[in-house]
Amino acid sequence: MLGSDFGDPQIKEQMAKELRQRLIDAKKEGRPLRVYCGYDVTAPDLHLGHTITIRKLKQFQDFGHDVNFVIGTFTTLIGDPSDRDTARSAAIEEKVKQNAQSYAEQAFKILDKQKTRVRYNNDWLSKLTFKDVINMASCFTVQQFLVRDRIQKRLESNDPIWLREFLYPLAQGYDAVELKADVQLGATEQLFNLMACRRLQEFYGLKPQICLTFPVLVGIDGADRMSKSRGNYIGIDEPPETIYGKTMSIPDNIMLQYFELLTDIDEAELGDIKKQIESGANPMSLKKRLAFDITKQYHGEEKAKEAEAHFEKTVQNKELPDEIEEYKITDNITISQLITQSGLAASRSEAMRLIKQGAVSIDGKKVDDANLNVAKGVTIKVGKRRYLKTV
RNA sequence: GGAGGGAUGCCGGAGCGGCCAAUCGGAGCAGACUGUAAAUCUGCCGCCCUAAGGGCUACACAGGUUCGAAUCCUGUUCCCUCCA
């Protein structure tokens with residue numbers, strides 16, 4: 001399968017072999033494969049990073065397999081080891097519930113709602129007894145955890161390692177048992193957890209699942225993994241202009257990765273794009289194609305075209321956008337006050353700074369006097385993409 | 001239970017009595033340039049004011065010492081490591 005990625009070629013080969021065999025077996029039994037991927041709910045929105053596996057789920061779905069979208073309503077609560085504040089956990093639980101809902105809805109931008117089973121792992125994990133946990137724990141040794149890279153590093157730097165972190169793979173692993181999964185997808189960093197699932201499945205007398213892992217998507221800063229908390233993400237629920245614009249803002253050198261992981265283009269085309277980049281083609285036009293493709297996936301072709309037009313107009317031609325928000329002003333208002341009040345700047349100090357830096361203009365004319373009175377019916381521009389029309 | 005270490009701006013992390021609104025890096029913002037909101041370079045980056053200048057609030061919290069404290073002392077809260 002295009003895009004799957006294992007650090008270890010042996011595992012990859014093994015998994016490929018097992019997957020072929022499982023497909024044959026399933027066909028004989030006249031049943032589809034049961035495929036799933038689990039998502040912890042740390043933020044209310046899905047972003048492009050999540051879509052790598054969701055898109056793979058969709059592929060399985062298109063082949064007629066039984067796709068389960070598992071939301072980690074339970075695992076999310078034990079996942080974050082830094083959060084031990086039990087007083088807050090009730091509120092967190094509530095939030096997780098809400099976010100889980102929006103996760104499912106957003107996932108249906110990719111998956112077929114009719115054919116997808118949405119599962120919440122709190123449904124089964126919260127019912128396990130301490131005895132179950134002990135039983136599962138007997139499948140693993142502490143050494144297996146200690147050799148992990150991240151654990152090693154923290155051991156060396158004296159950072160805390162929480163017991164609950166060791167329990168996390170058990171909880172996640174039980175998902176695979178409960179679902180009787182044939183195949184589980186996950187990010188490469190999840191390999192350890194995915195493999196733990198196999199052990200538990202065997203322990204419970206099931207055939208171990210096939211694990212497929214996929215690369216972690218780098219964020220639009222080109223440095224860290226995409227995540228909401230780092231702010232380097234593109235949410236699939238964001239407006240078309242935003243998705244388009246944010247895609248245009250990724251560094252040129254990660255463009256190919258984005259093509260590979262986030263669009264449907266095939267290998268031949270990918271090779272072609274690669275060649276174009278290497279031969280010094282203008283990355284801008286390729287990136288526009290990428291931005292268009294991604295925007296289209298989540299908003300449709302029409303909106304994608306509009307987003308592209310908007311980008312060309314405002315960014316490339318530095319013209320004003322078609323629609324500018326109107327803001328009602330009082331008679332005696334200075335430009336610095338207006339910018340602050342309307343929220344174009346976070347504070348008066350910032351407004352002053354922006355004016356000093358030459359970032360503010362009225363009807364295309366740069367403003368250098370912060371006390372300038374603003375008339376009605378003019379267009380204010382702050383920086384590259386903040387606009388306002390006074391009324 | 002015992003011993004030690006720590007809490008600094010969005011994040012990481014200096015500073016260890018005045019030169020601190022606080023070094024530096026990241027993020028963010030702006031300008032220039034351009035091939036795009038890429039890259040690169042430069043600047044900004046607590047809040048308020050009639051903004052060349054002035055004021056206020058800030059270095060976990062509460063007190064204290066001092067002409068003067070992020071820096072010293074006392075207490076409190078929280079966190080980490082090690083031993084048991």
Side-chain angles (χ1 to χ4, degrees), chain A residues 80-88 151 153-163 165 218-234 238-259 273 276-277 279-295 307-321 332-337 339-341 343-361 366-373 380-387:
Chain A
D80 182 3
S82 63
D83 181 41
R84 295 197 306 162
D85 192 342
T86 44
R88 272 170 51 209
I151 300 287
K153 276 193 190 124
R154 283 191 286 166
L155 224 40
E156 277 163 30
S157 60
N158 269 357
D159 283 331
I161 298 165
W162 296 91
L163 185 57
E165 294 179 67
V218 66
I220 60 176
D221 56 359
D224 291 312
R225 56 173 305 161
M226 184 175 282
S227 85
K228 176 121 181 176
S229 56
R230 285 211 176 83
N232 62 353
Y233 70 103
I234 300 177
E238 294 196 273
E241 289 81 19
T242 307
I243 293 183
Y244 193 98
K246 279 189 177 179
T247 306
M248 289 308 288
S249 81
I250 65 169
D252 291 346
N253 61 14
I254 62 169
M255 221 165 57
L256 198 69
Q257 260 183 77
Y258 271 45
F259 267 115
I273 289 171
Q276 283 189 54
I277 293 174
S279 67
N282 187 345
M284 187 261 289
S285 48
L286 282 169
K287 209 190 279 177
K288 278 174 82 173
R289 181 176 156 191
L290 175 71
F292 182 84
D293 189 308
I294 293 173
T295 310
E308 184 161 82
H310 177 263
F311 181 82
E312 286 167 355
K313 190 168 183 171
T314 60
V315 179
Q316 296 192 286
N317 299 329
K318 297 185 170 44
E319 290 169 27
L320 294 174
N332 263 322
I333 189 164
T334 66
I335 181 70
S336 60
Q337 287 171 328
I339 294 174
T340 314
Q341 262 182 37
L344 291 188
S347 67
R348 187 90 193 287
S349 300
E350 191 181 310
M352 299 300 286
R353 247 177 259 134
L354 286 164
I355 293 168
K356 205 177 284 175
Q357 287 173 143
V360 180
S361 65
K366 204 167 265 184
V367 175
D368 47 20
D369 177 10
N371 295 319
L372 190 71
N373 265 292
I380 317 274
K381 187 180 173 206
V382 176
K384 283 188 183 96
R385 43 186 207 278
R386 280 173 273 174
Y387 311 91

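Naming convention: chains lettered A, B, ... in sequence-line order (proteins, then strands); numbering from 1 in each chain. Since we're looking at a predicted model, the values are computed, not measured.
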Open item on the list: Can you tell me which nucleotide in B:rA39, B:rA37, B:rG35 comes closest to the side chain of A:M284?
Closed with: B:rG35
- [ ] Can you tell me which stems involve RNA chain B, if a stem is defined as three or more consecutive Watson-Crick or G-U wobble pairs, both distances under 3.5 Å?
- [x] B:1-7 with B:77-83, B:10-12 with B:24-26, B:28-32 with B:40-44, B:46-49 with B:53-56, B:60-64 with B:72-76
TODO: Under the side-chain hydrogen bond (donor to acceptor under 3.5 Å, both in side chains) rule, what do A:E350 and A:S347 come out as? Steps first, then yes or no, please.
DONE: CA-CA 5 Å; A:E350 191 181 310; A:S347 67; 4.9 Å; no
- [ ] Taking atom P in both B:rU71 and B:rG2, compute the distance separating them and give it to the nearest angstrom.
- [x] 28 Å
- [ ] Write down the distance separating the P atoms in B:rA84 and B:rC11, rounded off to the nearest Å.
- [x] 37 Å
Task: Gap between atoms CZ and C1', on A:R353 and B:rC47 respectively (whole Å) - done: 10 Å
Task: Euclidean distance for C1', B:rG18 against B:rG13 (whole angstrom) - done: 24 Å
Open item on the list: For A:K356, I'd like to know if atom NZ has over 12 heavy atoms of other residues, nucleotides or ligands within 6.0 Å.
Closed with: no
TODO: Using only side-chain N and O atoms of A:S285, determine if any of them is under 4.0 Å from OP1 or OP2 of B:rU36.
DONE: no
TODO: Dump the intermediate steps for side-chain contact (heavy atoms from CB on, under 4.5 Å) on A:Q337 and A:R348, then the final yes or no.
DONE: CA-CA 7 Å; A:Q337 287 171 328; A:R348 187 90 193 287; 4.3 Å; yes
- [ ] Could you check A:N253 against A:T340 and say which one's nearest nucleotide on RNA chain B is further toward the 5' end?
- [x] A:N253
Open item on the list: Taking the P atom in each of B:rC44 and B:rU36, what is the distance between them to the nearest angstrom?
Closed with: 28 Å
Task: Close side-chain approach of A:F311 to A:E241, heavy-atom, < 4.5 Å - done: no
Task: C1' spacing across the pair B:rU74 / B:rG26, given as an integer number of angstrom - done: 38 Å
Open item on the list: Tell me whether the side-chain N/O atoms of A:R385 come closer than 4.0 Å to OP1 or OP2 in B:rA30.
Closed with: no
Open item on the list: With rounding to the nearest 0.5 angstrom, report the OH to CD distance, A:Y244 to A:E312.
Closed with: 6.0 Å
TODO: Under 4.0 Å between any heavy atoms, over every strand shown, what does A:P251 touch: base, sugar-phosphate, or nothing? Just pick one.
DONE: sugar-phosphate
Open item on the list: Measuring to OP1 and OP2 of B:rC47, would you say a side-chain N or O of A:S347 lies under 4.0 angstrom away?
Closed with: yes
TODO: Might you work through the side-chain contact (heavy atoms from CB on, under 4.5 Å) test for A:I250 and A:K287, ending with a clear yes or no?
DONE: CA-CA 9 Å; A:I250 65 169; A:K287 209 190 279 177; 4.1 Å; yes
Task: Whole angstrom value for the distance that separates P of B:rA37 from OH of A:Y387 - done: 11 Å
- [ ] State which of B:rA37, B:rC29, B:rU36 makes the closest approach to the side chain of A:L354.
- [x] B:rC29
Open item on the list: Just the rounded figure in Å: distance from P of B:rA32 to NZ of A:K318.
Closed with: 8 Å
Open item on the list: Can you tell me whether the side chain of A:Q357 and the base of B:rG31 have a donor-acceptor pair closer than 3.5 Å?
Closed with: no
TODO: Measure distances between side-chain N and O atoms of A:D221 and base N and O atoms of B:rG26, and say whether any donor-acceptor pair falls under 3.5 Å.
DONE: no
Open item on the list: Strictly distance-based, threshold 3.5 Å: is any side-chain N or O of A:T247 a donor or acceptor partner for the main-chain N or O of A:A291?
Closed with: no
Open item on the list: Using whole Å, what does the distance between atom C1' of nucleotide B:rU50 and atom CG of A:N371 come to?
Closed with: 7 Å
- [ ] For nucleotides B:rC29 and B:rC45, find the distance between their C1' atoms and express it as a whole number of Å.
- [x] 7 Å
Open item on the list: Taking the minimum atom-to-atom distance to the side chain of A:M352, which one of B:rA32, B:rA51, B:rU36 wins?
Closed with: B:rA51
Task: Side-chain (A:D368) to main-chain (A:G358) donor-acceptor, under 3.5 angstrom - done: no
Task: Nearest-angstrom distance, C1' atom, B:rC59 to B:rA21 - done: 10 Å
TODO: Nearest whole angstrom, please: distance from the P of B:rA37 to the NZ of A:K287.
DONE: 9 Å
- [ ] May I have the step-by-step check of side-chain contact (heavy atoms from CB on, under 4.5 Å) for A:I277 and A:M255, ending in yes or no?
- [x] CA-CA 10 Å; A:I277 293 174; A:M255 221 165 57; 3.9 Å; yes
Task: Rounded C1' spacing from B:rA38 to B:rG25 in Å - done: 22 Å
- [ ] Starting at atom CG of A:D369, determine the distance to atom P of B:rU50, rounded to an integer number of angstrom.
- [x] 13 Å
Open item on the list: Rounded to whole Å, how long is the line connecting atom NZ of A:K384 with atom P of B:rC44?
Closed with: 17 Å
Task: A:V218 and A:Y258, any side-chain heavy atoms less than 4.5 Å apart - done: yes
Open item on the list: OP1 or OP2 of B:rA51 versus the side-chain N and O atoms of A:R348: is any pair under 4.0 Å?
Closed with: no
Open item on the list: Given 3.5 Å as the limit, does a donor-acceptor pair link the side chain of A:Q257 with the main chain of A:I254, or not?
Closed with: no
Open item on the list: Which nucleotide wins on minimum distance to the side chain of A:A359, given the candidates B:rU36, B:rA30, B:rA37?
Closed with: B:rA30
Open item on the list: Which is more 5' along RNA chain B, the nucleotide nearest A:D224 or the one nearest A:V315? Just name the residue.
Closed with: A:D224
TODO: Establish, with yes or no, whether the OP1 or OP2 oxygen of B:rC48 is under 4.0 angstrom from a side-chain nitrogen or oxygen of A:S349.
DONE: yes
Task: A:Q257 CD to B:rA38 P, straight-line distance once rounded to whole Å - done: 18 Å
TODO: Tell me, please, which residues at least two apart from A:V382 pass side-chain contact (heavy atoms from CB on, under 4.5 Å).
DONE: A:I339, A:L344, A:L354, A:V360, A:I380, A:R386
Open item on the list: What residues from residues 239-247 of chain A pass a heavy-atom cutoff of under 4.0 Å to RNA chain B?
Closed with: A:E241, A:G245
